[in-house]
Every structure is written in C-alpha cells, then in structure tokens.
**Student:** 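Supplied in structure tokens, the structure appears directly below.
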2 protein chains.
Amino acid sequence: MTPQAQRDILKKHGLKVTAQRLAILDYLITHETHPTAEMIHQDLPMISLATIYNTLERLVAAEIIIVIDSLSDGKRHFDYYGQPHYHIVNTQTNAIIDAENFDVAPLLAAARQASGLNITGFHIEVYGVNPEDAR
Amino acid sequence: MTPQAQRDILKKHGLKVTAQRLAILDYLITHETHPTAEMIHQDLPMISLATIYNTLERLVAAEIIIVIDSLSDGKRHFDYYGQPHYHIVNTQTNAIIDAENFDVAPLLAAARQASGLNITGFHIEVYGVNPEDAR
DNA sequence: CCCTCTTTTAGAATTATTCTAATCTAGTTA
DNA sequence: TAACTAGATTAGAATAATTCTAAAAGAGGG
C-alpha cells in the first residue's frame, strides 16, 4: 500500500493527516503482530504514548482497526481491519492467526433475527491448542 | 437449579466447595446481567473483593463462566456458560443478549483447518444498534 | 499566509486488577 | 470425631494499563 493510500484512509474517515497518525497506521498495516499501545511505542518512541493511545482510539472509532481484548496478558491489542476476518488464538502462546475462510453472513442474519438490531460489526475468536499437547 | 447441583458443578471441576464460591456461582447463574467483579461485590458485600476476583479467575479457568472484555466501559464482565452461546451487544447501551440460534460447528471446523490447532472454545460477539437510529 | 480548531505532548491522575502474607477452613485421615 | 494440611479467604498495599490535563504545536481551509 502506498503512502498516499494510507493518507486516503485517514481522509476518507474525516481524520486530519498528521505524521504521527500516518506512522501508527503504517505500523499497524505492515505488522501482523496485533500489537499493544506499548509495543507500538517501543518501535515508534518519538511519538508520545498519549498520542498513541489517542490515535488508536480514533482509528477504532473509525473502524479502521479493531480491538482484541481477550488475550491473557491483560493488555489491549490492535489489529488493522482491511479485510473482515476472524481470529484463531493459540491459548498456549497467545499467537493470533487472522483467518477468512468462513462466511459470516448466516451468523449476522441470525443475530439480527434474535435481537432485532441493525448489525454493525462482529468479532469472532476461536481458541485452540497445539494438537501435540494432549487435552 | 438446586443448591446441590451448584455444589456438584464445583466438585466436578475439582474446586473445593466454600460458602463464598457457592454464593458467587449462584449469583452468576441467577443473574443475566453479565456483571463485573465490582457489581457482584455490591450485591455480596460480605465477600471480600479479593475473593471475588480469585473465585472468578478459578471459574473461568474451569470454563464454568466466560469473560466478556469488549464492552466500552473498560471493565471485565462475566457470564455463566451453562449452554454454549454467542453475544449480541447493543453498542449504544452496552446491553448484551445471549443467543443460541446459530450452529458453530462449521466455524470451528474452518478454524481447525486454517490453523491446525485443536479447537477448545470460541467467543463470538455481534454488534448492533437500534434500527430506529439511522446509521 | 493567517486563523481556528484539532492534535500532540509530558506528566499527573485514575482505577481495575493483582499481590502479599497472615488467618481460616474444607475435606481427608487416623 | 479430632487433627491435619493444602488450599481458600482476607484487608490492605501495590501495580500498571489507560485516561486526563492544560499548554504548545500543527493541519488545512480561506
């Protein structure tokens, strides 16, 4: 993805383009590590931690990225959400795989039917362990 | 559910039966409010907050209850998991509906295929808003 | 190139959760 | 039933992720 395309992502969502926002968005797009705010700050130390938190909050509100709050480390992780996908979490290692091999339309239809709400998004995590390790 | 059945739930998972654990488990079984530790403590003030946190941790490890970490209030919520189900969250009110009208087997099969892991659990949240409120 | 409103920032403040280490008790054993 | 012991409970202190504050800087429209 070109730098210009990244600027366009911010503009499309009505966010002002700043060097900090571009750096954080680029970091999220180019890393598949599902980082925490602190991890981003480690790698982009010239950006203040407050700005990293502020920017992540804005990117989540714009639905450009999503939050993963369920790892057992007690920290909030973030994930660029270019393509809708779900997460497979290895609960032994906290490694996260992004997967797309599942059609969510039936789930969303069921949720609409059960609740009467207008469905705006979803978040799916499937947990697993290494098959070597009996369980 | 009888008190004896609740004792049996604890025993089945190798947990010692204590008055505190019975009270907290009963609270979770009989309330559909998806409470936080603090909410439980409000209603069971004779149990120390430390014990409430400890007990919830044990119940989660035993997979008797599950954690909901994704509400926008920044607090951890808990849910008795007698029947596997998924959550529909009204993002305007943080209300949570427990729903079962969806077969997760295809999702779990897809996850196994994508990851090679032995699947041990899942967590699905679908987000929605009141259809009255255009969006 | 201004001007205004938004963003960034360092550091303080907050607060949910975890830790500590002393006491108590469930459940087993004799 | 009494004694024992590993595990559970507790109050309060400690931790640490996140949010807040208010002052300085910058984006982008005109």
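We name chains A, B, ... by the order of the sequence lines, and we start the count at 1 in each one.
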**Student:** May I have the distance from M39(B) (atom CE) to dT17(C) (atom P), rounded to whole angstrom?
**Tutor:** 12 Å
**Student:** Tell me whether H34(A) contacts the main-chain N or O of E32(A) through its side chain, where contact means a donor paired with an acceptor under 3.5 Å.
**Tutor:** yes
**Student:** Can you measure L56(B) atom CG to dA16(C) atom P for me and round it to whole angstrom units?
**Tutor:** 15 Å
**Student:** Grab the NZ-P distance between K75(B) and dT14(C) for me, whole Å please.
**Tutor:** 16 Å
**Student:** Would D26(A) and Y80(A) count as having a side-chain donor-acceptor pair, cut-off 3.5 Å?
**Tutor:** no
**Student:** Rounded to whole Å, please give me the gap between CG in L71(B) and P in dA16(C).
**Tutor:** 14 Å
**Student:** Whole-Å distance between dT18(D) C1' and F78(A) CZ?
**Tutor:** 10 Å
**Student:** Say whether, by atom type as modelled, one donor and one acceptor occur between the side chain of H31(B) and the main chain of Y27(B) under 3.5 angstrom.
**Tutor:** yes
**Student:** Starting at the 5' end of DNA chain C and moving along, which residue's nearest nucleotide shows up first, A37(B) or K11(B)?
**Tutor:** A37(B)
**Student:** Please state how far atom NE2 in H41(B) lies from atom C1' in dT15(C), giving the value in whole angstrom units.
**Tutor:** 16 Å
**Student:** Quick one: is Y53(A) getting a side-chain N or O under 4.0 Å of the dT18(D) phosphate, OP1 or OP2?
**Tutor:** yes
**Student:** Could you write nucleotides 3-10 of chain D as a row of B, S and -, 5' to 3', where a protein heavy atom under 4.0 Å of any base atom gives B, of only sugar-phosphate atoms gives S, and otherwise -?
**Tutor:** ---BSSBB
**Student:** For D79(B) and H85(B), test the side chains for any donor-to-acceptor distance below 3.5 angstrom and give the result as yes or no.
**Tutor:** yes
**Student:** How long is the line joining CG of L49(A) and C1' of dG11(C), in whole Å?
**Tutor:** 11 Å
**Student:** Does I119(B) offer a backbone N or O that forms a donor-acceptor pair with the side chain of R112(B) under 3.5 Å?
**Tutor:** no
**Student:** Can you check whether I96(B) reaches L71(B) side chain to side chain, under 4.5 Å on heavy atoms?
**Tutor:** yes
**Student:** In this structure, how many angstroms lie between the P atom of dA16(C) and the CG atom of D73(B), rounded?
**Tutor:** 9 Å
